[in-house]
Structure formats: structure tokens, C-alpha cells
There are 2 protein chains.
Amino acid sequence: MVSTARPNHHEDPDNSTGKGGIPASPRGGRPRSGEGKRRPTIVDVARAAGVSTAVVSYALNGRRGVAEVTRERVLRVADELGWRPATAARSLRAGPGAAALVAVHDGAAGSRAASTLDLVTAASEVLDDAGVTLAVHTAGTVEQAAHLMRRWWAERRYAGFVVTGLRSDDARLAALRHLPAPAVMVGDPSVPAPPAWRSVVFDDATAFAQVGEFLADLGHRRVAMLTGAEGLLATRRRATALAGALSKAGIDFDAVTGDGVDRAAAAVGSLLSSGSHPTAVVTDDDVTAGVVLDVARRLEIAVPWQLSVVAGTDAAACRLTTPSLTAVPYPVERLGQAVGQALLGVLRADGAPNEKAPPSVTVAAGGLVVRGSTAPPDPR
Amino acid sequence: MVSTARPNHHEDPDNSTGKGGIPASPRGGRPRSGEGKRRPTIVDVARAAGVSTAVVSYALNGRRGVAEVTRERVLRVADELGWRPATAARSLRAGPGAAALVAVHDGAAGSRAASTLDLVTAASEVLDDAGVTLAVHTAGTVEQAAHLMRRWWAERRYAGFVVTGLRSDDARLAALRHLPAPAVMVGDPSVPAPPAWRSVVFDDATAFAQVGEFLADLGHRRVAMLTGAEGLLATRRRATALAGALSKAGIDFDAVTGDGVDRAAAAVGSLLSSGSHPTAVVTDDDVTAGVVLDVARRLEIAVPWQLSVVAGTDAAACRLTTPSLTAVPYPVERLGQAVGQALLGVLRADGAPNEKAPPSVTVAAGGLVVRGSTAPPDPR
DNA sequence: TTGAAAGCGATACCAA
DNA sequence: TTGGTATCGCTTTCAA
């Protein structure tokens, strides 16, 4: 009875897959290119370790109920054979073990691309340890992003999604809500969240209020903000916070939209050309702040004496301009880690609503980094 | 023997999976969170369309041997039910239908992030039509990237890989060669390619030679290039091409490495501070060119009269600096499309070496975009 | 042109 | 603690 134990339905004593031989092309589905080596399966590992496949699976997944010696032997054998569980097979039973971030990559968002990858890098570190992978994809518009997520959810390709750069009236929210898919919203606190969602809030509102106080303390009376893409909730939130702090000090505030570098340049141009231009300009990101510096230079407006500039997002480039840019710190790494943790939370929340994890985590921006682009206004 | 064929060992006549009801929680693997709606499977579609699952599969995949009416009905029903084939199940038989690009994302590569996503966006358009998806992941070093690809290959997660930013002695090459996995190499012609690889070559060598001629024609006699990360084959190739063209005209050439914005700034600083500094500087990317402009301004070196600057990679920012930057075009979109096509080629090359597809495609850079940062040198 | 059913490679239940 | 095996949802022979 011991030797009959193999589940080989076609009477085939000692010949089919055994033998140690390497069948050029296993009977079933053609292995995609790369031919040659047949990759080992759990059966190979089980046989080599002299146990059943169940034990291999248990050992691999660190479940209890496997003798320590057995576990070690199995893991060693698996390692020797270079075996890793096939994602497809695993997903088929247990559901997908990956999540996706679909970056809305319209031309204007160029500078955000780098930080998206930084965010993912940080998140992946957290996720790796839990065996979850996070993939990045791109879409031209929020609608396309929503479409992709819908499709991939239907295909059971991903177990959840990460959403960044929320817009007002964002198509992705509706899509995710209807699927309904676990999701992590990055950046905004104002989104009503179903239990399957978590959000990682970047507290730039506080930081922008600080910017307002900072500029007020310096003595500025006319401040403008050059905001990013129209619908972005983040830019609106920042503008509101800034406006609030300034109005409290009785300071004149103006917001101008400059979506994408070209339009930003145009907007700054007309803003600074006017007779009584503001004495301080706050931008959303580092690239736009660079544009402001350049336009000011062209108009012969001296920074920081005639014009103070604050970059809304700090980056390496902010240190290298002349003058270097005062900026709001952007803690991508901490944000990414928080995203990773939140994602693990939603993915594990297997329909267990009693989960104690907070639906929202806030990452503080930290204090303004003051550099050379800000000063008291020229008292002319 | 015919009726016994079903491997249902527990006698279970007419009760197991049939019945049409929608079990709240199918007996098998717990469906990951999101509970509620059970997503339809091919069986549901087959039943609703009154055909077998085989027909549904054939219809979906556009194989011949299905009556046109049947095909249409099946597709309509599938659409009504919102059915999409589960990736896991499909992959299990047919192999993975996705490929990955692992971006090596060291701090210095910040500016390349945007173009990586642009590349992927363009490639995805081509791939989508063929039902292939391309995912982006990040890794801190080439070794980590190699590690990830090895693992994902063992897990049958991806059918192939896209490799960008090749380095000399690149760990990824060795890893991929040993797997052996289908791959598309972006950017370099010098890599010996196994049959399962294709390469998309960006012909910046020709473009950089043109830059050399252009500067020679303007009358420059001392030219320097600020190269990117040490090991990058692309930057080396560019430097070589530039050096070649310049030496042909008997012009002095010097290459300085400035990996990352900070070191780039330092390198430019010492380069321009020397008594007899070059009259023209060529950089690898747009960001570094911006740094050159800034350093020059600080040292009161007038661009373009006392110093000409050429950006090795054109980008939106090059138009907005003062002066605007003369640059080598970077046709990301065409590169991405080529990558998509090449990827389809390697993935389809199911161990069929008689495939007629060229192992390498070259994308031309196009003519130098001359803007305001270049001029004849000051004849002082 | 269609249907029946054998896998693909894991996980997880139930018995031993 | 371990083994046997049904099951996940497709694709793909092989017969009808």
C-alpha cells in the first residue's frame, strides 16, 4: 500500500514523470518559450523530501502542525531544487497575492512620476516581508485607470489597489466602490471610506498653514499660490490651508492654476508682470518652483528680495537652484511605508469587519525647510 | 468506464457544483475580501449561452471552429455577465500573460523615472491589443533587480522582462541568460543576444556624433561632457560617439562623471572654475543640463556666449530654462512602441527559433533641437 | 462545430 | 503530524 500511494491514474509504474529525466515538453500546456529546464513543482519537492505535497505546502507557508525537522528538510530541499510556488496555481485557490497602483500619467504629471516610484519602493519593502507584491501600471486619464482596475478585478488579477492623486469627482472612487475592491487611498482625508478601504493622509494642510504663517511673519502682504492640475484634491487642500492662515493674518491671497510646466510658466509670467505683483509665490511642486525662479530672473525680479518663492514639494533639485528653494518636506519614504502597512491591512481584512486597524493614518509633513528663496519683502 | 471518468471520488450525484444557485461562499478557497457578489466563471457563461465551456473559451480567444452566431452569442453573454477570464486559471494552463520591467531606482536616477513610465505607457498601448500587460516594479540596485526577476521567473509570475539602463557587467544579463527568460533589452546594441532576446536600440550614438559636429562647426575647441552614472553603457556610448566626432575635427575633449544632481553640481563647478574651462558642455540628461546653467550663472559665465550647453535628453523643462536648452530629442513614444512590439515578438517565440523577427530594432534620435543655449564661442 | 473531461500546480480539508 | 485528494477556473485534446 505504500508504493501505490501515488495518485497516478493511468497505470504507469515507474515511468511517467518520475525517472529524474527531464521531459522536453510536459504533456500538458506548452511551456512558454525559454524551453530547456522544466521548472520543479511542489510534487518534485515532496518526492525529494519524502513527504506529501500537503506537508510541503504547510512547511512553506509556515503553518503549525509540521515537525520542525520535517519543515527544515522540506525547505532545504525546496531551496536546493530552486522551487518557488507558482503564482498562478496559488492564486487560483487562495486569491491573488498582488496589488496594483495605476498611475495617472498625463503629460502634466511628469514630475510626480519620480515620487510615485519612490513611494512604491518604500511600500514594497514593507510588503515583501508579507509576500505581497505591488505593481505599477500607467493610464492616461482617471477614466482609463478606473477601466483598468475594473477589468483587473474581474480577472482576479489583483487583490487590491492603491490610488494616488485623487481628483474631485474621481471616476476611480466610484469604480472601486462598486467592485468592491480593497483599496488604499493616498493623500486625502476627505474621502468617505467603505470598510474595505484605508487611507494614508499626507498632512500637507498643516504644513501649508505653516507656510502661510511663515510668510506673514516675514512681513509679506500679498501672496499667491500657483496650483497644479485643476481637479486635484491635494492642491486644492493646500491652497485652502494656505489661504486660511493668510487670511487670519489679514493678508491678500490669490490662487492661479498652472497645470503643466508650459501653462505654469505662462501663469507665472502674467502674475509677475502685473504692476503690483505678489511678494511671495508658493507652488505645488519643485519643478514649478524652478519655473518661477526662471521667470522671475527673466523679468529681473530679484529672488528672494523682491520675490520669495516656496516649493510645495521638496526634492533634490530644490537644493541646487540659485537661490536654493525653501520647501515643504515631502516624506515619500514614510508615506510609502504607511501605504504598505495599510495595504496589508485591507488585504488581510478578509471580510472581517472587526479588524481593529485604523481606517486612516496620517503622515506629518514636518517643518518647512528654509533655504535661500525666502526673505522679508523689499520695503520699497 | 465512461461514466466513471469523473474524478469525483465521493459519490455525489447531481449536487456538487451544478444547481445554478449562487453559493454565498463556495466550498473551496475563501474568496478574499470584497465578499458579496461572486464573480462569474466560464461555467456561468457557458450555461447562460447554452454551450460548453470549451466553446466559450474558443470564442473568447478568437479561435476558428466556432460558428459565427455562436461566437457572437457567447461574447454577448459574457459581456452581459461582466465575465473576464481569471488570470490565475488561464496562466496555470497557458503560462503567464504578463511581462515586467524592473526599474533600477537608485537616488541618482530620479529624472529617469518619468521617462520610464512614459516608455511603459507607450509600450502598453501596443501590448494591450495583444492581451499582454506590462507591470513596473522597482529595485534599489541591479543585483536586487536580478534577484526579483529570478524569483518571479521561478514563480512563473511573468513571461518575460524588459531591461533598461544597462550597465557594464550587468548582473541582470547573467540572471536572465541563466533562467533563461525572454527579454527585451532597451538602449544598447552591444549586448550579445540569445535567441530569446530582442533589443531595442536607441541610436543616440549617431545623435551625439552630430552634436560633436555641430559644436565643431560653431567653432568650439574645448568641449566637455558631463556623464551620468559610472557603469551605464548608454552614457559611455554617448561619450565615445561625441569624442569620436570631436577628435575627427581635432578638438579637445574631456569627460567628467557627475552621478546624481549633487555630484553633478560639484563636477560642473570644478570644471568651470578652472582657468581655461571648456567653451561647451554636453550632458546626459535634462536635469543635469539645468544644473550646468545654474552653476554657470553663479560663476557669471554667460550662456551661450561664454559657454554653450547641450542637454543629452530633451524634455519639457528644456524649453523653459533661460536660455532654453539645445537638446538631443528623446523619442520615448517610439521607443515604447518598439519595446511593445519586441516584447510581443519574444513572448510569441514559443521555442520557435525560425521566427523571422529581427533581433534588434533601431530607433533614431532625430536631429538636434537647437535652442538658445548654444552659440559660437566668445572669441576673446 | 460542439461536448466531455484531463490536466495545469498549488491549498486545505478530512482521515489516518 | 502526515497523507490522500477535491478544488480553484481555465485551456486543450479527443470524440462525437
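Only heavy atoms go into these numbers, but all of them, side chains included; no hydrogens, no water, no symmetry mates.
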Contacts satisfying salt bridge (Lys or Arg N to Asp or Glu O under 4.0 Å) that involve residues 77-88 of chain A (not counting sequence neighbours) are Arg76(A)-Glu80(A), Arg84(A)-Glu155(B)
Ordered by number, residues from residues 58-73 of chain A within less than 4.0 Å of DNA chain C (heavy atoms) are Tyr58(A), Asn61(A), Arg63(A)
Sorted by chain and number, sequence neighbours left out, ring-ring contact (aromatic ring centres under 6.0 Å, His included) with Tyr158(B) holds for His137(B), Trp152(B)
So the salt bridge (Lys or Arg N to Asp or Glu O under 4.0 Å) pairs with at least one residue in residues 64-73 of chain B (sequence neighbours excluded) are Glu68(B)-Arg71(B)
Residues at least two apart in sequence or cross-chain that pass side-chain hydrogen bond (donor to acceptor under 3.5 Å, both in side chains) with Thr87(A), listed by chain then number, are none
Taken in chain and number order and not counting sequence neighbours, the residues that satisfy side-chain contact (heavy atoms from CB on, under 4.5 Å) with Ser124(A) are Val120(A), Leu134(A)
### Query
Looking for any heavy atom pair under 4.0 Å, which part of the strands does Val51(A) touch: base, sugar-phosphate only, or nothing?
sugar-phosphate
Check your understanding: Pro182(A) versus Trp153(A): any side-chain heavy-atom pair under 4.5 Å?
Key -> yes
Sequence neighbours excluded, the answer for side-chain hydrogen bond (donor to acceptor under 3.5 Å, both in side chains) partners of Ser91(B) is none
Rounded to whole Å, the CZ-C1' distance (Arg39(B) to dG9(D)) equals 12 Å
For residues 128-149 of chain A, the salt bridge (Lys or Arg N to Asp or Glu O under 4.0 Å) pairs (sequence neighbours left out) are Asp128(A)-Arg151(B)
note: Ile42(B), atom CD1; dG9(D), atom C1'; distance rounded to Å ~ 8 Å
Within residues 77-91 of chain A, the residues having a heavy atom closer than 4.0 Å to DNA chain D are none
With sequence neighbours left out, the residues meeting side-chain contact (heavy atoms from CB on, under 4.5 Å) with Val126(A) are Gln337(A), Gln341(A), Leu344(A)
Taking dT11(D), dG3(D), dA12(C) as options, the one with an atom nearest any side-chain atom of Thr53(A) is dA12(C)
Rounded to whole Å, the CZ-C1' distance (Arg38(A) to dG9(C)) equals 11 Å
Closest to the side chain of Arg156(A), out of dG9(D), dT7(D), dG7(C), is dG9(D)
From CZ of Arg93(B) across to P of dG9(C) the rounded distance in Å is 9 Å
Axis-to-axis angle for the helix from dT1(C)-dA16(D) to dA16(C)-dT1(D), ends of five pairs each, to 10°, equals 40°
The nucleotide from dG9(D), dA5(C), dT11(C) with an atom nearest the side chain of Ala54(B) is dA5(C)
* To do: Please determine if a side-chain N or O atom of Thr41(A) lies less than 4.0 Å away from the OP1 or OP2 oxygen of dG9(C).
  => no
Tightest non-hydrogen contact, residues Ala146(B) and Ala171(B), listed as CB-O, 3.9 Å
Residue set satisfying side-chain contact (heavy atoms from CB on, under 4.5 Å) with Arg90(B), at least two apart, ordered chain then number -> Leu60(B), Asn61(B), Pro85(B)
Rounded to whole Å, CZ of Arg47(B) lies from C1' of dA4(C) at a distance of 16 Å
